[in-house]
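Values in this document were obtained by computation on a predicted structure and should not be read as measured data. Here is the naming used below: chain letters follow the sequence lines, and residue numbers restart at 1 for every chain. What you see below is based on every heavy atom in this structure, not just the backbone, and it leaves out hydrogens, waters and symmetry mates.
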Number of protein chains: 2
Amino acid sequence: MPRSQNDSTRTTILKACRQLLEAGSGQPVRMSDVAKAAGVSRQAVYLHFPKRADLLIETARHIDDASDVDTRLAPSRNASSGVERLDRYIEAWGNYIPVVIPTARALIAMSETDEDARTTWANRMAAMREGCAAAVKALEADGNLSPALSAERATDLLWTLLSVGHWEDLVERCGWSQSDYVDSLKQLARAALLAPAAQARQPRITAL
Amino acid sequence: MPRSQNDSTRTTILKACRQLLEAGSGQPVRMSDVAKAAGVSRQAVYLHFPKRADLLIETARHIDDASDVDTRLAPSRNASSGVERLDRYIEAWGNYIPVVIPTARALIAMSETDEDARTTWANRMAAMREGCAAAVKALEADGNLSPALSAERATDLLWTLLSVGHWEDLVERCGWSQSDYVDSLKQLARAALLAPAAQARQPRITAL
DNA sequence: TCGGTGACTTGACACCGTGTCAAGCGCATT
DNA sequence: AATGCGCTTGACACGGTGTCAAGTCACCGA
């Protein structure tokens, strides 16, 4: 992982860290591993990131920056109906999960012992929840939200269905393909959130 | 946590470990913490449990033993219909989650670095999946399984809906009560798995 | 009553990963 | 030539796990 010309040392370290996390040795990534991968001394890493938690946090930010999150979310924001907004949001977030998951995992593990990591991850999840809330609100505006659910509860439900844990279970442990996952989640979200009448009006997404 | 008369040292340690995990300091429980809580030297702990992973694994077993798992599962096994079997299984497992969750969390964290912990947890999840598969089979036998789902997929779906991560999200992070969780999960499982016609035939569980 | 055995204690130590510190080095700027 | 900056080198403290050896103590059988 030699630094490619005009990358700053900081960026080189972040890229190396990301790469190691994505390589997924199974074992946790150490500061010295990152240093070695970045072709830099261990202390150089500490110079830029005082603690391991900081490195992980910044790596997550770095991935966000490199991933054009706004572009991913545009289709959902521009949707013309509640159900479409829901579908587009599930696509946007559901397809972003595999991008961030290795770093997310490290960050979550770090949360065990580090306060900053904990709040960083909590904030990310809160942001994701905003998207859920917006989709639910759009469903509600269309009169398609199940009468058995308050907006709050519906948001909770959607938020948990879209959790990274759920993705890990389905894709990694059950071996579903990414597109199976996204399609199934759309179906599941509809089944969970929509009023029965609204559900009947929607086309099936896949026939398995 | 003085040892109560006729408990062996081993049992005293297991109880202390469980208690510490359930106290939930936020910080990971150390071997020395367990020793102190059990009123025993740190080495005594290592005498009974060579590695931390062993202690955690045995603590999980110990909780199982103390919790009459078979009794919990009986209502599901004896159910007279697929839907009832499903409901009873969700109750059984859903209400067991809060019992094991502190230990489960420690075990999952340990899986990061320890092979034995990893396979132990995987085995527990595989066992839980058996219950899901049985419920799905019962639904299928009644002709109530959604035609859009294979038994395999339906099992995957139910299994992930019942994952401990999902419980943590809903109960701990969203603040749902345990009974809200169980009721919602029954509803959700029905919405996800049942054929539309079968769904219409089922009574609503709660009106929120 | 003695010897032995097994369970536990005490205290030391190696190992590893994190985080800190101080000194030094090369290089660009002035 | 002197300064400052980014990085390296090598050392060290700390905390948690896991290991080891010697010692204590109570109970059991001969």
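Of the listed nucleotides (C:dC8, C:dT9, C:dG19), C:dT9 has the atom at the smallest distance from the side chain of B:Ser41. Comparing C:dT18, C:dC8, D:dT17 by their closest approach to the side chain of B:Arg52 singles out D:dT17.
Counting distance only, with no hydrogens placed and no angle test, the side-chain atoms of B:Gln43 and the base atoms of C:dT10 include no donor-acceptor pair under 3.5 Å. Remark: the B:Arg42 side chain and the D:dG16 base include no donor-acceptor N/O pair separated by less than 3.5 Å.
Taking atom CG of B:Leu56 as the reference point, atom P of D:dT17 lies 11 Å away to the nearest angstrom. Put simply, CE on A:Met31 is 19 Å from P on C:dC16, counting in whole angstrom units. As rounded to whole Å, 10 Å separates atom P of D:dT17 from atom CG of B:Leu55. Residue B:Met110 contributes atom CE, which lies 11 Å from atom C1' of D:dG16 at whole-angstrom precision. Atom NZ in B:Lys36 sits roughly 11 Å away from atom P in D:dG16 (whole-Å rounding). The CZ-P distance, from B:Phe49 to C:dA7, rounds to 14 Å in whole Å. Atom pair A:Arg30:CZ and C:dT18:P shows a separation of 8 Å (rounding to whole Å applied). A:Tyr46 has its OH atom 15 Å from the C1' atom of D:dA11, to the nearest Å.
Between B:Asp116 and B:Lys51 there is no salt bridge, since no side-chain N of the basic residue sits under 4.0 Å from a carboxylate O of the acidic one.
A pairwise comparison of heavy atoms in A:Asp169 and B:Ser163 identifies OD2-CB, 3.3 Å as the closest pair.
The backbone N or O of B:Ala53 lies less than 3.5 Å from no partner atom in the side chain of B:Asp114, so there is not a single donor-acceptor pair.
Using a 30° and 60° split on the angle between ring planes, B:His166 and A:His166 fall in the parallel class, below 30°.
The shortest distance between the side-chain N/O atoms of B:His48 and the OP1/OP2 oxygens of C:dC8 is below 4.0 Å.
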